[in-house]
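In what follows, a structure is listed as structure tokens, so that the remarks can point back to it.
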Protein chains: 2
Amino acid sequence: MAMASILAGLKPVIRELAAGETLFASGDATRGFFLVRRGQIRLARFSASGRETLLFVAGPGERFAEASLFVETYHCDARAVAESSVACFPKSAALALLEGDAIARLELTADLARQVMELRSALTLRDVRSARERVLGYLVARTGVDGRTIAIGGPLKDIAAMIGLAPEVLYRTLAQLESERIIRRGNGIIELT
Amino acid sequence: MAMASILAGLKPVIRELAAGETLFASGDATRGFFLVRRGQIRLARFSASGRETLLFVAGPGERFAEASLFVETYHCDARAVAESSVACFPKSAALALLEGDAIARLELTADLARQVMELRSALTLRDVRSARERVLGYLVARTGVDGRTIAIGGPLKDIAAMIGLAPEVLYRTLAQLESERIIRRGNGIIELT
DNA sequence: GCAACGTGTTGATGAGGGTCATGTTCGTAG
DNA sequence: CTACGAACATGACCCTCATCAACACGTTGC
């Protein structure tokens, strides 16, 4: 991951969380940003009326609350869905690194810019109503340099969640595309024809 | 807008585009990032098979291709949907400013972080299947400091597009919420009760 | 004044994906 | 080797949202 060399310059504090435990709450003073090592952290916001808005569910390898580096208090609640382990990168050290190290600075900015691009792509993909077209759009966007093959890392149901489809619908759609010879599947690989 | 003071340090090149005109194409050397002044710019990617993936449609006041500052070539096509005017902020000047000016640097990074947060919120909102809950989630997320009122800028159909609903569905949902006394509407304002 | 246009609004309809149920395959722990 | 669970797969049903249609309303143009 691009952030590795940045993170290497910081001393994260490892924090273990039980299922349901709160990492931080809305209004708390920001301590820094986090990286999920194990488990899942759920970021949500509660409105005045008590209604909950789910913002993000961070899984292993994912960072969250990066934007907290630039604000004084957290604007959402972070709670562990399951028993989890997170690395906490303190705000002061991260900002100091951002001030002093030109490489780290460019890297963080570039990484954020890349995230913006990816998120925009993901968001636009959701505008595609048809499951068939959405799946095809996802596959096309994820083709490697040859423009034909897609490596499947992890279970299909995760992909389904990522593109906003029920797992069954993704299974069905892939099966249909395969029967129409539009894709070929095998061994963690999908190939467009 | 947060970027205003950054942008002030650069000398944008104003470019007028006719409807359908191409601003840049995939593979072109990156010139910088852009700000839409008037019209709409459509960012899309074409796969090897000719299939198109829509990435983003930037409207007035929106920037795009910020990530191009950190890569050598554009990874998508930018075409004007309608007759448009864009400001082009040259890559070299933006990067130099990012190197030299600590304030501008923090501002750009903070702005990108904020965008990441917003995009994540928008993406998560799409996971809400029910139109009713999605609209409520959007409203709650957009409440001002009082936690009750939402200012409506622009037509409702734009909001519908933003949250991924057909305009009719949004009209209906708002009407229903109003009839249930959950919201009140009037004069470009929606109030939660 | 009227026509043209876009937004907002509501009704009727249908297709498409969600959900539930059931079964199969595969990997892994024991 | 077996047992168990998770992912994968597929069938059936249903509900919801997209779509089409018709219309009201305000604005702009001539």
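Since this is a predicted model, take the numbers as computed values, not measurements. So that the names make sense, note that chain A is the first sequence line, chain B the second, and so on, each numbered from 1.
- When DNA chain C is scanned in the 5' to 3' direction for atoms under 4.0 Å from non-hydrogen atoms of chain A, the outermost contacting nucleotides are dG17(C) to dC20(C).
- Annotation for R148(A): atom CZ does not count as buried by contact number, only 12 or fewer foreign heavy atoms lying within 6.0 Å.
- D28(B) has its side chain out of reach of T73(B): every pair of non-hydrogen atoms, C-beta onward, lies at least 4.5 Å apart.
- Applying the salt bridge (Lys or Arg N to Asp or Glu O under 4.0 Å) rule to pairs touching residues 152-179 of chain B yields E178(B)-R185(B), sequence neighbours excluded.
- Looking at residues two or more places apart in sequence or on another chain, you find a ring pair (Phe, Tyr, Trp, His ring centres under 6.0 Å) between F24(A) and F34(A), Y74(A).
- For the pair R132(A) and E180(A), the minimum side-chain heavy-atom distance is below 4.5 Å.
- Residues of residues 161-178 of chain A that place a heavy atom closer than 4.0 Å to DNA chain D, in numerical order, are E168(A), Y171(A), R172(A), A175(A).
- The environment of CZ in R38(A) is crowded: more than 12 heavy-atom neighbours from other residues, nucleotides or ligands sit within 6.0 Å.
- Tested against R120(A) for a salt bridge (charged side-chain N to carboxylate O under 4.0 Å, His left out), the candidates E62(B), E118(B), E66(B) yield a single pass: E66(B).
- Note that CG of L69(A) and NZ of K91(A) are 7.5 Å apart. Values are rounded to the nearest 0.5 Å.
- Qualifying side-chain hydrogen bond (donor to acceptor under 3.5 Å, both in side chains) partners for R134(B), counting only residues two or more places apart in sequence or in other chains: none.
- Among the protein residues, R185(B) comes within range of the sugar-phosphate backbone only, with heavy atoms under 4.0 Å from sugar or phosphate atoms but none that close to a base.
- The footprint of chain A on DNA chain D, defined by a heavy-atom cutoff below 4.0 Å, extends from dA7(D) to dA18(D).
- Ion pairing between D77(B) and R42(B) fails under the 4.0 Å rule for side-chain N and carboxylate O.
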